[in-house]
Amino acid sequence: MAHISLYRRFRPQSFDEMVRQEHVVRVLKNQIESNSIGHAYLFTGPRGTGKTTVARIFARAINCEHPKDGSPCGECSTCLALQNSMDITEIDAASNNGVDQMRDLREKVQYPPVNGKYKVFIIDEVHMLTDSAFNALLKTLEEPPAHAVFILATTEPQKLPATILSRCMRLDFKLIPEEDLEKHLMRVLDGIGKKYEREAVAAIARAGAGSDRDMLSIAEMCIAYSDELTYEGVTAVLGAADFHVTCTLVSSLLQADCGNAIGRTEKILSEGKAVGVLVRNILELLNQILVAKTCQTAEQLLSLPKELFAEVKKLADDADPKAILRATEIMAKTESELRYTASPRIVLETAIVRIATPEEDYDIDALLVRMSALEKELQELKERGIRVSAPAEASSAPKKEEVPAAVPQPTEQQEPETVSDDGYMPFSMEEPIFDEAYFSDEPFDLPAAREEREPVRPEKEEREPARPEKEEREPARPEKKETFTPPTAIQTPPPPAEGSGGASKDAMAVFGKFMRTLRKSCRNGVLVTICSDLEADFEGSLFVLYTDLDTVFRSLKRAEHLEILKQVLSQIGIADFDVRLRGKAVKEDGIAQLKKDFKDYPIEVK
């Protein structure tokens, strides 16, 4: 008798024998019991999770004369006849993906079933069909005969047209947990009478990665390797590096022993191990170390032999969690880089050096690893009774001699400053008006009130005549538009005319105090920003704010903004104010002149 593979030999024949997929089984059972069978189903999910198996069981169950709990009985005449019947047709869409095959299928659908109630068409790998084949199948899939049932199976549902997806009942299959794979594999091994180790079964289940068919294929290779299924035999069949050698390599990486790590890597690769396999082995061991470091039930989760788990536990106790995480991230990145490189060995060795030399790496993870190593060394010194002194304070450091700043040399426009006998420059008692405007919080006085108090300040009147020559030497400079130059003289010049572009000292002082008060009391940031670009001036006792932009002018003229400006200016002693657009008065005069010259013509300003 020809050899039959394990996954074919032990394929489930009923829903009760299925490994997980309870959500799919429950839906199909309920439809069979309620006799509400759909016309098209779509089974999606990873490979080896039972899509084709469930399709076959469902095809026999809907034709069974006496189903048992939704599963075919396997004893009635229909179940026996369906073992070799045309009522259940399986089509491999990977090799029959043309429009001609779909046209032939469309013709076969019209014939009624021979043995059962339904004629079932199972199309596997349906995503391989061409666009023309999908179009040929579309109408039949939408409105098939009452006796026809379509079951489409695929691992890539995203490749199917939306018109196909909308016409099918979709059922998603999930990956199978390792625990269920282990139980299924032990039932298979018990069925064939093969001795095994529990750790070997767990290793095969992990290698299956959620696929029952992949697990049984690996188990078949391991069964042929030796009379008894052992953990060492499984690792040898899988091509993994020796566990103890890999542990030594990972220990060197976590302890930052770069030379030993490179030597171990070269030894493993020289034995013929592939670079990708070694990277996966390192990643798997790092994951086991992390689980042993953080989980109380790590021994049950890892399912390793006792001596191997003891070695993993020792590595976990000696390693720093940050170093484990950093090594895992670097190796995971290396595994993805191996797919696109022509020199995988160099990429691996570069990653090994980077993990083993955190002091040469300047990312945050490397710095954390170095800090953890320093803290560990300090703790060991304290435990040995060695006192570690704190670094010397800054006050104990020798103070540098302070070098006096060089005195600036006099220039033609600058008079030399005298130095007193004790080496210090005399401090000027004059208070500039600009500083007073921006740093004084006293209410501002109008020019009239200020002139009344001028006699109270005799100091400035005595000092003012002392600098007549300099004032005579300096010619009058024309004021520049939108600039402010701090005055050298104490006398207040008359305010400039309206719209001239300049501003008096009093206006600048009031404007500075106004902006400071506005920032403190106003929560409208836009208004504060707009006001910062304004210019100010006095017309007698009227405080005028100028702007060159019509948008800013209209915004400030809004009632809510005028009310805020009024409140802020009243806090600094300004009762009368106005907001004007520069050049508006000239424009209004020109319009008035036009209206006067052309009285008989209507003039509209837009």
Plane angle bin for F121 and F150 - parallel if under 30°, tilted between 30 and 60°, otherwise perpendicular: parallel
Hey, mind stepping through L308 and H244 against side-chain contact (heavy atoms from CB on, under 4.5 Å) and telling me if it holds? CA-CA 8 Å; L308 299 185; H244 301 285; 3.8 Å; yes
One pair to check against side-chain contact (heavy atoms from CB on, under 4.5 Å): L278 and L269. What are the steps and the verdict? CA-CA 8 Å; L278 178 57; L269 295 179; 3.9 Å; yes
Partner residues of E220 under the salt bridge (charged side-chain N to carboxylate O under 4.0 Å, His left out) criterion, sequence neighbours left out: none
Is it the case that atom CD in Q300 sees more than 12 heavy atoms from other parts of the structure closer than 6.0 Å? yes
Taking atom CD1 as the centre, does I346 end up with more than 12 heavy-atom neighbours from other residues, nucleotides or ligands that are less than 6.0 angstrom away? no
Residues L160, T44; criterion side-chain contact (heavy atoms from CB on, under 4.5 Å); working and verdict: CA-CA 11 Å; L160 300 182; T44 67; 5.8 Å; no
Note: Y111 and H147 closest approach over all heavy atoms is O-NE2, 3.1 Å
Residue pair K183 / E179, side-chain heavy-atom distance below 4.5 Å: yes
Less than 4.5 Å apart, side chain to side chain, heavy atoms only: is that true for Y340 and V347? no
Apply side-chain hydrogen bond (donor to acceptor under 3.5 Å, both in side chains) to D242 and list each qualifying residue two or more places apart in sequence or on a separate chain. none
Quick one: do E299 and K313 make a salt bridge, cutoff under 4.0 Å? no
